[in-house]
Structure formats: structure tokens, C-alpha cells
Amino acid sequence: MSSEDLDVEYVAELARIRLTPEEVATFRSQLGHVLEHVARLNRLNVAGVEPTAHSFPIYNVFRADEVKPSLPREEALANAPRQAEGLFLVTKVLD
Amino acid sequence: MKSDYTATIGLEVHVQLKTKSKMFCGCAVAYGAEPNVHTCPTCLGLPGALPVMNLEALKLTALTGLMLKCQIAPVCKFDRKNYYYPDMPKNYQISQYDLPICERGEVPLYDLAYPKDAQKSIANPGKRVRLIRIHLEEDVAKSFHFESSTGIDFNRAGTPLMEIVSQPDIELPEEAFAYLTSLKQALIYGGVSDADMEKGQLRCDVNVSVRKRTDAAYGAKIELKNLNSISGVRRALAFEINRQIEALERGETLRQETRRWDDDLGETTLMRTKESAHDYRYFPDPDLLPVRTEVFLDEVRSRLPETPWEKRERLEKDYGLSAYDAGVLADDRPLSAYFEAAARGSARPKSVANYVMNDLLSALGAAGQTVEECPVRPEDLKALVTLVDEGRINSKQGKDVFSEMFSTGVDPQTIVRRKGLQQESDLGAIEALCREVIAANPKVVEDYRGGKSVSINFLKGQVMKLSKGKANPALVGETLQRLLS
């Protein structure tokens, strides 16, 4: 994807960020540089390099299936905007 | 369905895994607890909290994959599926995108998995529905919609959720029913999940499109939501396929959309159209390291159970049961275990199966008990079948002894002895009774000798009466014939 194809407004909408036209222009330029850099990486010959799914060569960090104590409910709800009957209350949503 | 149309159906099934703790934190997995009592910074999505994978959840997913003949990926990883909704406060769900743990595989649709009323007319017997993939993700919180606000309970947030995606191989509502029934049974057999749809342990999204058989291109894909039972899935599909065909017949154009099934009204209604479809912008989760499955696959293979369909075949082969009997027994894992305990080494495994499927099941049903609580020990049932088989008691008495065994838990030999039910098989004693009856009924004896062969039945009845039902009927018949010839 080149910077001309980059739809900054759509990406902002996906991220639920409202941008001014000036900000859209700034981000188009800045994100364009990022994409140029990635495009350069894409041109490298990596035929002999094993693919990795992570930047660290570490695999298999697991935990055993054991129950640990949870937070007391008052603590879990401490940051709730509103609460009732042990539930977090938010603006009504419909799916 | 009108015969010039065909439906294409694919299912996405979400399964809650039977782990003790959540997918990425140590909070308990518990159904029906008070709201928000099983939460921590990780499953509440608080900044800075880091996830760590539950190994058992990975193993259960791989186990499901092995049971369903999937290919287990040598390496898999977790990705972030980005969306904004209050049931997932970190604004992404941890899921698997391009490297899921299992790929391909299949679910066999066997006859008894179909709805009862459809078992006589199965369109594609022996059908197997291919799978695309099975992946692991975290479940989201539960939302409760009130008048003016939405309440969120995070107990379910972060619990391990396995998603099984089928190829669009299903053509009929009855096949979707059979697919879910067969899949559910495999999950229960593997101890992977309790798979109770009413408790939300097994949830299902359905994609269905309709096209004329003569058309090569698929019709518009419609997704159905809010399906809460296997029979509900069948009803929803029957309604939706019919609705789509009628719309096409009226000359309407169908568009990709999501519809909600209302089980009470028996109809689907529009939820959203494709325009508002999601763009999840998946990317690898940098908080989680990739998984090499080889380190736990050997252990998972050692846990691989016999699948329900393998058991069905083996019961037919090893015990000479009919396909139907083997199916009924294999459908119920504890019942089949009970049957095998009773039938192993028995000369009459088919009779054992009959007792298990008729007398035992109805007695358990009447008593409201499960097979595990059954008061009749399997070896006692085997002994009872042997007593009947050897003619020491007749089959009518066998039923009575069984009832007594069920209500008292006493072994059949003791009951037979106590009730004096033992059949008289002593030849001398039977001969004495026969002679007595012959002497008392000269007219009937004369008829018999005169060629009225059915008269012997009257004499036989008299001997049985005299013996209070204890004489071995076969021996009585033989003895009478011998004495009268």
C-alpha cells in the first residue's frame, strides 16, 4: 500500500478518533513514511530466512490450568462509570 | 424446499472449554456465579496487565482437532481482533487469525444424529461435513440490556472459547441438526466441553444462501444469530431458506445481511446489512509468544478417546448388535460403558443390550436416576441374562426379577432362590407331574392319540399349573410327547 492509497479518515474512524483536516494531512504524510519503510523491507531478499511470528525467538510461554484468587468485586467495580447490582453500567448499546 | 432451488449452509460453532481457569489469567471459569466476582486486571482489560496462555485450553483444542481428523499446526499464534464494544474493554479480542491451531478435519453425520422424524428419509446417508479450521480465542463479557443502560458482567470475559468453522457443505436444515448433534457428542466424549446450548456452552452462527440449481454462482450469504438450541437451528434454517426462495420467486434481489431468529415467533428479522460490516484489522498480539504444538501433542494423543462413531462400529462388530442398538448405546457414553461391563464375556450380548435399552432405561427414567446411580450392578445383569438364557427362569420371570433387582439391589440368584422361582428341570419330577396330568385327563389323551395334536397344549398347561409355573416348559412338552407316543 502506498501513501496515496492510505485512507487516513477511514483508519481514524476505525480507531474512533476524530481528526481535523490538518491532522489528516499530517498523519497522511507521517504514516506514508512508515509505509515507505515497510515497502523497503518488502524488497529485501529473505529466501534463506526462517519466518517468525514474533520478534523474540521464544516459544511456549504457558501457565498451568490453576485458579488464582480474583479481585474483590468492589475493587473490580472501582473504576466503573456507573454500577448497579454488581454490574458495570454503560450507555445502552444495541448490536 | 422447492426442488429447483438448493441451499448452501455453513456453521460457526463456539464452544466453551472445560478448564478450571480462564484463557489468559487465573480467574475461575464458573457458570451462574454472582456478577463480576471472577475478574482481575487481565480479564478486565486494565492497562499494563499481561496475558499468559492456559496450556490446558490449547490441549483441549488440539484434542478436538485430533478427534475430528484435523491437521494440527506445528506453529500457531494469537492475534488481536479490533473492535469497540463494552463487552471487551481493551478494544480487541485475542483470537487466532492466519495461524489457527487446527485446520481441515470433518464431522460425520450418522443416521441417529438426524432429528427422529427425519431418520427414515436421509437425503445423503453417511455424509461428512468438512471443516475449514478450529481456533482458540477468549470469550467476551455478558451484556444485559436494560431500559436506558447496559449492564456488563465480566465473569465470562477471557474464558477459553474454541471456534469450529465448517465448509459450506450442508444443504438441509436436518443436516445442520445432525452436524451439531454429532459435534456435540464428540465434544462430550472428549471431555472438551459439556456443550449445553441452553447454558451457552455451545453457540452457533449460521450462514445460509439459496440459489437455483441451474445457477453456478452462490446466492447472497445471510447470517443468522440468536440460535439457542439444535432444534432451533433446524427451524430457523427451514424458515430462512423458504423466505429466501419466496423473495427470489417474487423477483427480489437478496443482499448480504445479518438476521436474528425469534424462536417464539418462528421467524427471522433484519439486524444489519453488509454496509455496517466490521473491519477488524487483525494483527499479531505482541503480548503473546507463538506456540510450538509438538511439545504437548504426545500427551494429547494419549488422551484421545474412542470417538462415538468408532464406538458404534465396535459395538456392532464385537457384540453383534444391530446398527440401531449400537447407535442408541453409543449415543450415551455412561450407558454404553454400563452395557459393555455387563456384556463382556456374556453368551448373549444382544439380550444384555435389550435389558439395558428397555428395562434398565425405563426403570431409570421412572426413578429419575442416571446410569451412574443405577442400583443394578452390571455383573448382576449379566447373571440374570444367563439365568434366562439357560432356561432356569423364563423371560417373564426374568422381567420380574429385574424389577426386584432394581428396587433392592440384590443379585438375581438370591432373588430366584428366595422367591422359589427356579424352574423345575429335574426330569424325574417333571415326568411324575406329566403322568399325574395324563391320568386325570383320559378324554384329552384320547383326542390327542386320535390325531388332535393341539390337545397336547391343554395337557402342557395343566402340568405348568400343577408345578405353579416352575416347570421348564420345553422339558414338559418333550416329556408329554414321549409318554403319549
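Numbers restart at 1 for each chain; the letters A, B, ... are given by sequence-line order, proteins then strands.
- Of the listed residues (R16(A), E85(A), E75(A)), the one with the most heavy-atom contacts under 4.5 Å to chain B is R16(A).
- Listed options R63(A), R73(A), R82(A) were ranked by heavy-atom pairs under 4.5 angstrom with chain B; first place goes to R63(A).
- Scanning both residues, P290(B) and I58(A), for their nearest heavy atoms gives CD-O, 3.7 Å.
- Between atom CG of residue L87(A) and atom CZ of residue F146(B) there is a gap of 5.5 Å, rounded to the nearest 0.5 Å.
- Of the residues considered (H38(B), R292(B), M53(B)), R292(B) shows the highest number of contacts with chain A, using heavy-atom pairs under 4.5 Å.
- With a 4.5 Å cut-off on non-hydrogen atoms, C25(B) touches chain A through its backbone but not through its side chain.
- Taken from CG in L46(B) to CG in N79(A), the straight-line distance is 7.0 Å, to the nearest 0.5 Å.
- Only the side chain of V75(B) comes within contact range of chain A, with heavy atoms under 4.5 Å apart.
- P86(B) touches chain A through its side chain: at least one heavy atom from C-beta onward sits under 4.5 Å away, while N, CA, C and O do not.
- Using a 4.5 Å heavy-atom cutoff, the side chains of C27(B) and L71(A) are not in contact.
- Nearest heavy atom pair, residue S70(A) against residue T39(B), reads CB-O, 3.2 Å.
- Under a cut-off of 6.0 angstrom, the local environment of NZ in K221(B) is sparse, with at most 12 non-hydrogen atoms contributed by other residues, nucleotides or ligands.
- Only the backbone of S148(B) comes within less than 4.5 Å of a heavy atom of chain A; no side-chain atom from C-beta onward does.
- A distance of 3.0 Å separates CG of D279(B) from OH of Y10(A), quoted to the nearest 0.5 Å.
- Within 6.0 Å of atom CD in E23(A), more than 12 heavy atoms from other residues, nucleotides or ligands are found, so the atom counts as buried in its surroundings.
- The greatest number of non-hydrogen atom pairs below 4.5 Å with chain B, out of V11(A), L14(A), T91(A), L77(A), is found for L14(A).
- Two residues are said to be in side-chain contact when any heavy atoms from C-beta on lie closer than 4.5 Å; V295(B) and Y59(A) fail this criterion.
- With a threshold of 4.5 angstrom between heavy atoms, K22(B) approaches chain A through N, CA, C or O but not through any side-chain atom.
- A donor-acceptor contact shorter than 3.5 Å links the side chain of N36(B) to the backbone of G86(A).
- When heavy atoms are compared at a cutoff of 4.5 Å, L44(B) approaches chain A solely by way of its side chain, counted from C-beta outward.
- Around atom OH of Y97(B), no more than 12 heavy atoms belonging to other residues, nucleotides or ligands sit under 6.0 Å away.
- The number of heavy-atom neighbours closer than 6.0 Å to NZ of K20(B), taken from other residues, nucleotides and ligands shown, is 12 or below.
- In this structure, chain A has a heavy atom under 4.5 Å from the backbone of L288(B), while its side chain stays farther away.
- Proximity to chain B (any heavy atom under 4.5 Å) is shown, for A84(A), by neither the backbone nor the side chain.
- With hydrogens and angles ignored, the 3.5 Å screen pairs no side-chain donor or acceptor of D65(A) with any backbone N or O of N54(B).
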